[in-house]
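Everything below concerns the one structure shown next.
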Amino acid sequence: MLSRKNFLRALGLVGVAGMVKDLDASPRRKPLVVSTWDFGLAANAAAWKVLQSGGYALDAVEAGVAIPEADPKITSVGYGGYPDRDGRVTLDSCIMDEAWNCGSVACLEHIMHPSAVARRVMDKTPHVMLVGDGALKFALEQGFSKTDLLTPEAEQAWKQWLEKSEYKPEPNWELNHDTIGMLAIDQQQRLCGICTTSGQAWKMHGRVGDSPVIGAGLYVDGEVGAATCSGLGEEMIRSAASHSIVEAMRSGMKPQKACEDVMKRILKKRGNKVSKTQVCFLAVDIHGNVGAYSLLKGFEYAITHDGRNEVLQAPYMLNE
Ligand code: GLY
């Protein structure tokens with residue numbers, strides 16, 4: 001249970017929880033790429049190659065997240081992702097550019113790179129979102145090949161879960177393995193983002209989280225800033241978290257303050273319903289200022305600029 005003192009402290013009514021580093025005081029950085037969790041390092045390196053050679057931020061984020069999507073050791077994104085409770089690996093992803101163009105796929109099976117399919121939805125259809133069989137049909141029409149995404153390791157973990165079959169789907173954030181959200185600004189100051197995941201392990205078949213939902217797991221306004229999320233997707237959908245963060249930046253807040261403001265709102269509305277789960281935000285404004293914040297300790301993000309590629313701990317709201 002969230003104690004009254006911690007609840008008030010978290011809402012800023014007494015003291016300050018967590019270690020807060022003033023990221024907004026950092027010098028402005030462009031080009032820039034940031035992404036969630038430590039596996040963002042390798043993803044950022046791939047995105048940085050595109051940015052460094054003068055490429056488009058949208059191409060950079062797509063190239064970046066292709067790395068964890070293809071990595072069988074990462075159990076929360078793409079190939080090797082943990083399956084749903086029926087043993088099916090279903091992927092969610094979305095992509096958004098600086099001019100509100102966006103594409104998304106949800107509950108997509110058998111395709112290793114859902115983000116590349118989301119990009120095709122954006123570029124080749126009049127729609128924003130395709131789901132399930134329709135998304136798969138479109139991907140195959142576009143020339144993507146079918147892959148068995150369930151690795152032997154993921155299958156073994158699922159079979160172990162089946163022994164109890166306790167329906168308590170949880171993001172595996174404790175292992176630093178959840179959604180990868182990535183935001184990039186290129187040399188022409190174009191700001192783009194992407195968000196991709198296999199979602200909660202052992203979820204109900206058909207469950208879709210925040211990651212493919214524009215405004216929840218990702219939102220980009222090329223004149224203001226962008227935000228992406230990781231953690232328990234249902235909370236990000238309820239709060240339209242990424243959109244809320246960008247709107248807070250539009251009203252004048254720096255990214256760090258905007259993340260903290262939206263987190264306070266979630267805690268105020270949801271209280272003890274969220275106090276034991278993880279909610280993580282990452283945001284940038286068009287000037288290259290960065291904000292990162294999580295509900296609980298443990299959220300890390302990767303930041304790459306001026307050739308430096310490092311993982312930083314995000315400040316957090318609750319001590320318990
Ligand atoms: N944030 C990933 C999910 O909840 O599906």
Side-chain angles (χ1 to χ4, degrees), residues 18-19 21 23 32-48 60-82 89 91-95 113-115 153-154 157 169-184 193-201 209-212 216-219 226-233 235-236 241-242 245 255-256 259 263 277-284 290-305 308-317:
M19 171 196 68
K21 182 180 168 199
L23 294 167
L32 165 78
V33 57
V34 292
S35 62
T36 54
W37 304 107
D38 60 351
F39 51 45
L41 266 187
N44 281 10
W48 185 253
V61 295
E62 186 184 336
V65 301
I67 303 296
E69 282 180 343
D71 186 339
K73 293 190 292 305
I74 295 173
T75 58
S76 54
V77 178
Y79 176 55
Y82 281 163
V89 181
L91 306 178
D92 298 337
S93 173
C94 73
I95 188 166
H113 293 294
S115 299
E153 293 77 17
E170 284 175 13
N172 34 14
W173 55 268
E174 280 167 330
L175 304 171
N176 283 0
H177 283 173
D178 187 49
T179 308
I180 182 161
M182 177 180 277
L183 311 171
I194 203 160
C195 186
T196 175
T197 190
S198 52
Q200 288 179 282
D210 59 314
S211 306
L218 175 72
Y219 194 70
T228 189
C229 301
S230 182
L232 187 64
E235 299 307 329
M236 271 59 97
S242 291
I245 293 166
Q256 186 63 35
C259 290
M263 193 71 79
T277 191
Q278 183 60 303
V279 176
C280 312
F281 299 154
L282 183 60
V284 298
V290 176
Y293 202 52
S294 59
L295 187 62
L296 303 178
K297 190 176 177 181
F299 176 46
E300 296 177 327
Y301 64 101
I303 177 165
T304 305
H305 57 100
R308 282 179 63 201
N309 193 15
E310 58 188 339
V311 173
L312 299 177
Q313 298 282 335
Y316 55 95
M317 183 170 263

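Worth saying up front: this structure is predicted, and the values here are computed from it rather than measured. When reading the values below, keep in mind they use all heavy atoms of this one structure, side chains included, and skip hydrogens, waters and symmetry mates.
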Discussion item. Could you tell me if the side chain of Asp71 sits less than 4.5 Å from the side chain of Phe39, heavy atoms only?
Written reply: no

Worksheet item: Between CD1 of Ile180 and OG of Ser76, what distance do you get to the nearest 0.5 Å?
Response: 9.0 Å

Worksheet entry | Expected output: side-chain Gln256 to main-chain Ala292 donor-acceptor under 3.5 Å | yes

Practice prompt. Find out whether Thr228 and Ile194 are in side-chain contact, i.e. whether some heavy atom of one side chain is under 4.5 Å from a heavy atom of the other.
Written response: no

Worksheet item: Looking only at atom types and distance, does a side-chain atom of Ser242 sit under 3.5 Å from a main-chain N or O of Ala216, one as donor and one as acceptor?
Response: yes

Worksheet item: Are any non-hydrogen side-chain atoms of Asp178 and Trp37 less than 4.5 angstrom apart?
Response: yes

Worksheet, complete the sentence: From the list Ile95, Val77, Val65, Thr196, side chain to side chain contact (heavy atoms under 4.5 Å, CB included) with Pro114 holds only for Thr196

Discussion item. Counting C-beta onward and ignoring hydrogens, is there a side-chain heavy-atom pair between Leu32 and Val290 closer than 4.5 Å?
Written reply: yes

Worksheet item: Does some side-chain heavy atom of Ile245 sit less than 4.5 Å from a side-chain heavy atom of Cys259?
Response: yes

Worksheet item: Does any non-hydrogen side-chain atom of Leu282 lie less than 4.5 Å from one of Met182?
Response: no

Discussion item. Which residues pass the side chain to side chain contact (heavy atoms under 4.5 Å, CB included) test with Ala66, not counting sequence neighbours?
Written reply: His113

Discussion item. Ignoring hydrogens and geometry beyond distance, is a side-chain donor-acceptor pair present between Glu235 and Thr277 at under 3.5 Å?
Written reply: no

Worksheet item: Between SG of Cys280 and OH of Tyr293, what distance do you get to the nearest 0.5 Å?
Response: 12.0 Å

Practice prompt. Starting at OG1 of Thr197, measure out to CD1 of Ile74 and round the result to the nearest 0.5 Å.
Written response: 11.0 Å

Worksheet item: Among all residues two or more places apart in sequence or in another chain, which pass the side chain to side chain contact (heavy atoms under 4.5 Å, CB included) test with Glu153?
Response: Thr151

Worksheet item: In Å and rounded to the nearest 0.5 Å, what is the CE to OH distance from Met263 to Tyr316?
Response: 13.0 Å

Discussion item. So does Gly181 get a backbone contact from the side chain of Thr36, meaning a donor-acceptor N/O pair under 3.5 Å?
Written reply: yes

Worksheet item: So how far is it from Ile303 CD1 to Leu41 CG, rounded to the nearest 0.5 Å?
Response: 11.5 Å

Worksheet item: side chain to side chain donor-acceptor pair (under 3.5 Å) with Asp92: which residues, sequence neighbours excluded?
Response: none

Discussion item. I'd like to check Gln278 versus Leu295 (side-chain heavy atoms, cut-off strictly below 4.5 Å). Are they in contact?
Written reply: yes

